[in-house]
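Report on one structure; see the data block that follows.
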Amino acid sequence: MSHLCYKNYVNGRFMANTTGETFSVVNPATGKEIYQMETADNTVLAAAVKSARQGFKVWSAMDAVQRSRILMAAVVLLRERNHELACIEVRDTGKPLQEAAAVDVVSGADVIEFFAGAAPGIEGSQQDLGRDFYYTRREPLGVCAGIGAWNYPLQIACWKSGPALACGNSMIFKPSEETPLGALKLAQIFTEAGVPDGVFNVVQGAARVGQWLTGHPGIEKISFTGEVGTGKKVMARAASTLKDVTMELGGKSPLIIFEDADLDQAVSAAMLGNFYTQGEVCTNGTRVFVHEQVKIAFLEKLLGRIQANIKMGDPMDPETNFGALISEAHKVKVLSYIESARTEGAIQLCGQTCPDLPLENQGGFFLPPTVFTDCTDGMTLVKEEIFGPVMAVLDFNDEVSVIQRANNTPFGLAAGVFTNDIQRAHRVIHQLAAGICWINAYGNSPAQMPVGGYKNSGIGRENGLETLRHYTQVKSVYMGMGPLESPF
Ligand code: NAD
């Protein structure tokens, strides 16, 4: 067992639990434990809520511009420590450093910066009612809880805390138990930047800690990122205290490639939308519908580029662009989907063998990029979220039916269309039941653009000005300017 053991972060400092309970965190690229983390027990959790309530009082009373300046200071620290933080993400998640250094910390910092800039502009309204009038105030909610998934741990912590804090709320954040360190580093950075104690607390643990937060009457909102099934449980429990919820859940998104598309660009999108972060991205376009006229050419280009350009290996090697899956259990789950695809009659074009790995990485949870063709809509790999590097290629020959097939899923997170016919592009996108859509692009998620799911993929939005509404509530104030009329 590792001697390195981290603690929970409450009221601006690390806090020891009283039970002594810890859990171990494994580097997915080696299969070896890297550190221990203390589990938040009832003492830690009660302290986290108490300090978050106190922190909220201090923070919400500040001028929004002052809050913004403090958050901007945190943004500077995040960018200065990009390499150190990216390395933490690599060791916790197994993703390549090449990605983490370019995307994870940067996109987290961008979102905090965006909301720090936007929140001071939040304003109420006023309306005359003859003699009387009313006005509205946009007030923060109070204590918000964030519960994160393991694929983008630090980015998720930033995407939740950025808008929450900018709007004047405090936040208790529970990262995934697979990847708990990034959020602790963010908490330290917030404190260093001048965020008052208790405004951002981090509690560690698995479902039990999440359930505790979800059911606590002193918490006003839950912002959750994770699987649909867990999201439903979280929402049901949050209903017992009528908490506001934001749900960022899973997907099985369609990517539709028409016969007139730029095929090289479409192949890039299909690879990004299936193999970036080893396929562990919620918006992945895992159902790739390719027009039958270009299917052969598409597959040739795709397989050529997988062979030539994907470098699986030690994620810390800057040349590596394809890392390890999060855990042994997850790898087993992804392999079971691959097995089901074979038995249900899909044709596997690649991914049968794993390339040689450095000795140090031979205990890691690697699984090569895998492509199935001749898939049909009823196959398990086409219907269920796999969350691994498994692409299902389906053919189509008609716009109306491909739209209907693309929408034939309980998920509705994302969708992509590749075509050079400008009218078709918008016509198709407008009919797809998905919250995040791309035309001749895939996966881009700038801070300005709201993201979130339709149907079972979520409720509410993250990023963009839209999100300010999800972290504030409206108070209406009626002002009587004359005698009060009353029958009594
Ligand atoms: P998960 O649902 O297993 O866990 C998510 C979080 O919930 C973890 O922190 C976990 O400890 C906690 N949790 C588990 N049970 C709980 C309970 N009963 N009550 C409260 N909290 C509980 O998801 P995961 O495996 O960590 O992440 C992968 C999933 O996340 C995929 O489905 C993926 O699509 C989704 N995801 C969605 C987005 C998005 O923005 N839409 C982003 C990233 C990941």
Side-chain angles (χ1 to χ4, degrees), residues 49-75 111-146 158-173 190 193-201 213 216-224 238-239 241-247 447-448 450 452 459-486:
V49 175
K50 189 170 170 224
S51 101
R53 297 225 69 86
Q54 283 161 352
F56 171 65
K57 275 195 199 140
V58 176
W59 186 238
S60 59
M62 273 187 192
D63 176 16
V65 173
Q66 207 180 343
R67 286 199 298 261
S68 170
R69 282 192 198 116
I70 293 173
L71 292 174
M72 289 294 190
V75 169
V111 165
I112 299 179
E113 186 175 39
F114 173 78
F115 286 108
I122 296 175
E123 53 188 12
S125 62
Q126 183 275 335
Q127 194 174 14
D128 290 337
L129 302 162
R131 183 191 59 193
D132 295 350
F133 68 93
Y134 82 93
Y135 65 94
T136 60
R137 288 164 55 81
R138 261 204 178 270
E139 298 184 346
L141 301 171
V143 178
C144 302
C158 292
W159 284 22
K160 295 193 187 305
S161 61
L165 268 53
C167 292
N169 303 281
S170 58
M171 176 165 266
I172 303 174
F173 189 82
F190 276 145
V195 171
D197 294 348
V199 174
F200 186 74
N201 295 325
L213 293 171
H216 198 286
I219 294 172
E220 276 78 20
K221 178 187 172 94
I222 302 278
S223 177
F224 173 83
T241 47
L242 273 185
K243 290 188 200 334
D244 189 272
V245 291
T246 294
M247 292 277 144
Q448 298 91 320
I459 292 183
R461 291 292 175 271
E462 289 192 325
N463 299 349
L465 291 176
E466 174 75 15
T467 302
L468 296 173
R469 291 200 304 115
H470 297 293
Y471 282 99
T472 52
Q473 54 193 339
V474 174
K475 175 179 283 173
S476 296
V477 183
Y478 184 103
M479 179 64 205
M481 296 292 286
L484 189 62
E485 280 177 28
S486 165

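The figures here come from the full heavy-atom set of this structure, side chains too, leaving out hydrogens, waters and symmetry mates.
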key: Trace of the side chain to side chain contact (heavy atoms under 4.5 Å, CB included) decision for Cys167 with Thr472   = CA-CA 7 Å; Cys167 292; Thr472 52; 3.8 Å; yes
task = With sequence neighbours excluded, tell me which residues meet ring-ring contact (aromatic ring centres under 6.0 Å, His included) with Phe190.
result = Phe200
What are the two closest non-hydrogen atoms of [X] and [Y], and how far apart are they?
| X | Y | answer |
| --- | --- | --- |
| Ala116 | Leu71 | CB-CB, 3.8 Å |
| Ser170 | Gly198 | CB-O, 3.9 Å |
| Thr467 | Asn463 | OG1-O, 2.6 Å |
| Asp244 | Lys221 | OD1-NZ, 2.7 Å |
| His470 | Glu466 | CD2-O, 3.6 Å |
| Leu165 | Trp59 | O-NE1, 2.9 Å |

Within 6.0 angstrom of Arg53 CZ, more than 12 heavy atoms from elsewhere = yes
Heavy-atom neighbours of Tyr135 OH exceed 12 at 6.0 Å = no
query = Do NZ/NE/NH1/NH2 and the carboxylate oxygens of Glu139 and Lys475 come within less than 4.0 Å?
reply = yes
request  = Please check if the side chain of Asn169 supplies one atom and the backbone of Gly142 the other of a donor-acceptor pair under 3.5 Å.
outcome  = yes
request  = Would you check if the side chain of Lys160 reaches a backbone N or O of Glu462 as a donor-acceptor pair within less than 3.5 Å?
outcome  = no
Heavy-atom side-chain proximity of [X] to [Y] below 4.5 angstrom:
| X | Y | value |
| --- | --- | --- |
| Asp197 | Ser51 | no |
| Trp159 | Ser223 | no |
| Val58 | Val199 | no |
| Tyr471 | Cys144 | yes |
| Arg461 | Arg469 | no |

request  = Could I get the full list of side-chain contact (heavy atoms from CB on, under 4.5 Å) partners for Glu113, not counting sequence neighbours?
outcome  = Met72, Val75, Arg79, Asp110
Between [atom1] on residue [X] and [atom2] on residue [Y], distance to nearest 0.5 Å:
| X | Y | atom1 | atom2 | result |
| --- | --- | --- | --- | --- |
| Leu213 | Ile219 | CG | CD1 | 4.5 Å |
| Leu141 | Phe56 | CG | CZ | 8.0 Å |
| Ile70 | Met62 | CD1 | CE | 4.0 Å |
| Cys158 | Phe114 | SG | CZ | 15.0 Å |

ask   = Could you give all pairs that pass the side chain to side chain donor-acceptor pair (under 3.5 Å) test and reach residues 115-131, with sequence neighbours left out?
value = Ser125-Thr136, Gln126-Asp128, Gln127-Tyr134
